[in-house]
Number of protein chains: 2
Amino acid sequence: MNLVRIGLAGFGNIGSSVFENLKRNASLIESRSGLNLAITAIAEKDIRRKRRVALPKSLHVPNLEALIQRSDIVIELMGGCGAAAELALGALRAGKPVVTANKAMLAVRGREIFSASALHQTPIFFEASVAGGIPVLRAIRESLMVNRFSHIYGIVNGTCNYILTQMAERGVAFADALKEAQELGYAEPDPTFDIEGFDSAHKATVLATLAYNRCVDFKQVYVEGITRISAEDMRCARQLGYAIKLLAIVRRVDDREVEVRVHPTLIPQHNRLVSIRGVTNAVSIRGHVVGDLEFSGPGAGGNATSSAVIGDLIEAARYHLSRRGCNQPPFNAIIHPDGPRVKKMGDVVSRFYLRLAVEDSPGVLAQISSLLGKAKIGIASVIQTEARAGKTVPLILMTHEARNLSMQNALKKISRLKCVKAKPVTFRVETFEN
Amino acid sequence: MNLVRIGLAGFGNIGSSVFENLKRNASLIESRSGLNLAITAIAEKDIRRKRRVALPKSLHVPNLEALIQRSDIVIELMGGCGAAAELALGALRAGKPVVTANKAMLAVRGREIFSASALHQTPIFFEASVAGGIPVLRAIRESLMVNRFSHIYGIVNGTCNYILTQMAERGVAFADALKEAQELGYAEPDPTFDIEGFDSAHKATVLATLAYNRCVDFKQVYVEGITRISAEDMRCARQLGYAIKLLAIVRRVDDREVEVRVHPTLIPQHNRLVSIRGVTNAVSIRGHVVGDLEFSGPGAGGNATSSAVIGDLIEAARYHLSRRGCNQPPFNAIIHPDGPRVKKMGDVVSRFYLRLAVEDSPGVLAQISSLLGKAKIGIASVIQTEARAGKTVPLILMTHEARNLSMQNALKKISRLKCVKAKPVTFRVETFEN
């Protein structure tokens with residue numbers, strides 16, 4: 001029998017689900033793959049904690065060295081960029097394939113890890129690190145290998161998409177939607193990491209790295225969260241024919257340059273990404289040979305994530321077995337440590353949605369449009385809502401395409417106008433026309 | 001270098017696209033996979049024919065034996081269930097992995113082919129056989145291996161979906177939409193194979209075979225095409241809150257039994273499958289661990305299909321190289337030749353849409369509903385359009401769940417009623433509630 005010894009690091013929600021699902025479905029996996037996947041070691045710092053699934057004491061190992069030593073394949077589910085990365089690097093050095101769900105580690109320490117993987121000819125698999133249960137990474141890495149990816153758009157953070165869905169469909173304010181999400185367990189007590197876009201940015205970095213087969217530098221990725229979106233923005237966007245989603249965007253410029261950015265984005269109402277509701281994730285891909293593909297499904301949760309982890313585990317196990325006493329098969333996905341240039345956000349061109357709080361007096365629109373005009377930014381449409389004498393009124397503008405830097409500079413001037421009563425709010429627009 | 005010799009059988013639209021895309025993207029493939037994939041032999045009966053891509057005479061081989069002999073991997077793109085199957089079987093016997101897009105061959109001669117594959121421990125890859133460029137088969141076969149699939153719904157025939165989209169969005173009649181599809185090259189001069197549902201049924205058989213890892217018998221698959229759908233059915237369906245799509249349906253009953261069927265299906269308007277327009281394909285999957293996933297993209301065309309073929313080719317090449325002088329890696333997807341029971345259509349339970357042409361006289365609805373009542377079939381809703389004195393009027397009924405056999409028998413009685421003026425038209429309804 002093809003027995004494969006697995007070391008599991010981290011026995012939290014995902015770790016214990018992987019453990020459980022491997023046990024429950026062992027015969028199914030064996031009948032399909034001929035593999036006998038046995039967890040032979042578990043490393044977990046907090047062994048006291050009460051768990052839904054009991055931690056089998058007999059498998060518990062005192063440290064990560066012991067874990068690596070006792071296993072053929074290492075599953076890293078500890079999270080974070082410290083010990084987790086040391087474990088991954090140690091396993092790769094020891095020639096043991098690694099399976100991980102840790103996007104932060106891959107985004108921040110990817111260069112080290114992928115270099116070690118290449119140097120030691122030992123693969124690392126990370127399907128679960130982006131879009132949870134949706135097998136989109138293997139599709140990019142394997143099935144679509146002949147494709148150059150002109151763009152990848154992802155709704156890859158369920159917390160944000162849940163919040164934005166509630167705001168769009170029920171008109172609730174951001175704070176209330178966030179509170180709901182926390183009560184439902186969709187958002188952490190400290191939600192910063194999700195709502196400020198960092199989680200999506202880690203995933204965008206992993207997507208860009210895979211799509212380009214080159215390590216993308218996370219520090220160069222533009223990140224903007226959803227906290228400035230108001231119920232009014234949702235209404236105005238709809239009135240203009242758009243919805244607002246938090247998108248992870250990867251766009252190919254050329255062989256050496258790529259755009260990688262995360263920000264709230266206005267999307268045409270008819271686009272299928274708009275119908276991605278609640279915590280569901282979706283990734284939309286354009287390949288130069290295949291054309292447009294879309295994948296959607298559960299982006300988080302112990303079960304969905306362990307489905308992806310176990311899928312990787314089976315590939316890792318095959319690799320381990322096929323290697324026994326014979327020349328290595330070609331490495332799965334070659335990632336070159338030298339990354340592509342990430343285009344400076346200032347040079348990125350987008351259309352903009354612009355919300356201003358202005359004094360309700362004549363000539364205001366003239367002043368603002370002339371400032372935009374000087375910056376060569378054309379206005380596509382305007383919403384000026386009913387005037388309330390004396391009060392400040394919202395003024396909504398949609399622009400034509402402009403360099404982000406030009407827009408930034410124009411905004412500085414605009415916010416200095418006497419008639420503009422609050423810091424302008426602006427979001428980018430994606431029309432999917434190219 | 002990892003040179004892999006490829007034999008290509010069939011140089012039609014897809015074959016020549018594969019040839020072209022392999023050549024154009026050779027360096028991309030090599031940089032990502034470390035593989036040098038070289039087409040070293042091409043078999044094609046019709047060498048006279050004018051082609052978009054010229055057939056390189058130097059690679060042309062006189063027969064399929066020569067093709068197998070001169071290659072490490074064989075790509076079968078001839079189509080049909082005769083010579084194609086002989087080629088696949090011959091290659092597998094010779095221990096050469098096979099890549100094919102031929103769903104008909106897999107559906108009709110799957111048992112032979114998968115048995116040969118298992119016997120000779122040589123894989124056959126067929127991503128391109130279902131949903132063209134969408135990498136859904138590898139997802140089912142590999143990424144989602146831990147999942148039991150409770151259902152798979154597919155829009156897997158672009159011709160039919162194009163026709164139904166035109167009928168739904170522009171109210172055109174079936175015949176006109178078909179004519180358009182033919183003018184646009186979306187439908188064959190003889191469209192029978194597509195519009196009668198056979199192509200979808202072949203794909204349903206392949207999906208069921210993979211999902212179950214057991215050869216499903218194509219002869220047991222229920223097939224019904226889209227030719228009886230009228231513009232009026234489209235209108236009435238919408239009025240009831242549904243759209244009509246041709247669905248390939250695979251539903252797990254238990255470990256031994258499965259439903260595999262293809263027929264026009266009413267789908268709730270809000271379901272995302274409704275937004276799959278034109279020739280686009282989509283596959284929606286529920287796994288017991290991962291939950292609900294959806295994949296959509298181009299289902300046909302030389303480029304989209306060759307993206308899938310080349311994805312398989314790379315996997316086949318890895319297999320070929322990893323095998324050199326060492327024990328076999330476990331076989332990719334073990335398909336057991338003994339298939340599951342396919343549930344008899346008569347025993348399948350569905351809700352029904354029923355269109356009758358009835359005489360406009362009192363008591364008609366009473367007669368019909370009493371016949372349905374006797375058959376224990378409840379009526380969920382009724383549309384009786386404005387009476388035109390003397391004329392026959394359409395009567396639309398939506399039923400609750402009923403066994404297909406009970407419905408069939410009730411329909412016989414109903415069509416015998418004097419007040420019923422034409423053969424009743426009925427379609428099944430899928431609410432996606434379980």
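Here is the naming used below: chain letters follow the sequence lines, and residue numbers restart at 1 for every chain.
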Under a 4.5 Å heavy-atom cutoff, which of [options] has the most pairs with chain A?
| options | result |
| --- | --- |
| B/I310, B/L22, B/V290 | B/V290 |
| B/A139, B/G132, B/S275 | B/S275 |
| B/S31, B/S306, B/A26 | B/S31 |
| B/V136, B/I134, B/V146, B/N303 | B/V146 |

Sub-3.5 Å donor-acceptor pair from the side chain of [X] to the main-chain atoms of [Y], do we have one?
| X | Y | answer |
| --- | --- | --- |
| B/Y186 | B/G278 | no |
| A/N147 | A/F149 | no |
| A/Q269 | A/Y242 | yes |
| B/E127 | B/A308 | no |
| B/D312 | B/V309 | no |

[X] versus chain B, the contacting section by heavy-atom distance below 4.5 Å:
| X | value |
| --- | --- |
| A/H288 | side chain |
| A/R24 | neither |
| A/I314 | side chain |
| A/N25 | side chain |

Between [Y] and [X], is there a salt bridge with N-O shorter than 4.0 Å?
| X | Y | value |
| --- | --- | --- |
| B/E20 | B/R52 | yes |
| B/R32 | A/E142 | no |
| B/K96 | B/D72 | no |

Specify which of [options] makes the most heavy-atom pairs with chain B at under 4.5 Å.
| options | result |
| --- | --- |
| A/P298, A/G311, A/G291, A/G297 | A/P298 |
| A/R138, A/R272, A/E294 | A/R272 |
| A/S17, A/G287, A/S143 | A/S143 |
| A/T305, A/I276, A/L137 | A/I276 |
| A/I285, A/L28, A/I29, A/L313 | A/L28 |

Crowded around B/R277 CZ? As in, over 12 foreign heavy atoms under 6.0 Å?
no
Cut-off 4.5 Å, heavy atoms of chain A, and the answer for B/H270 is neither
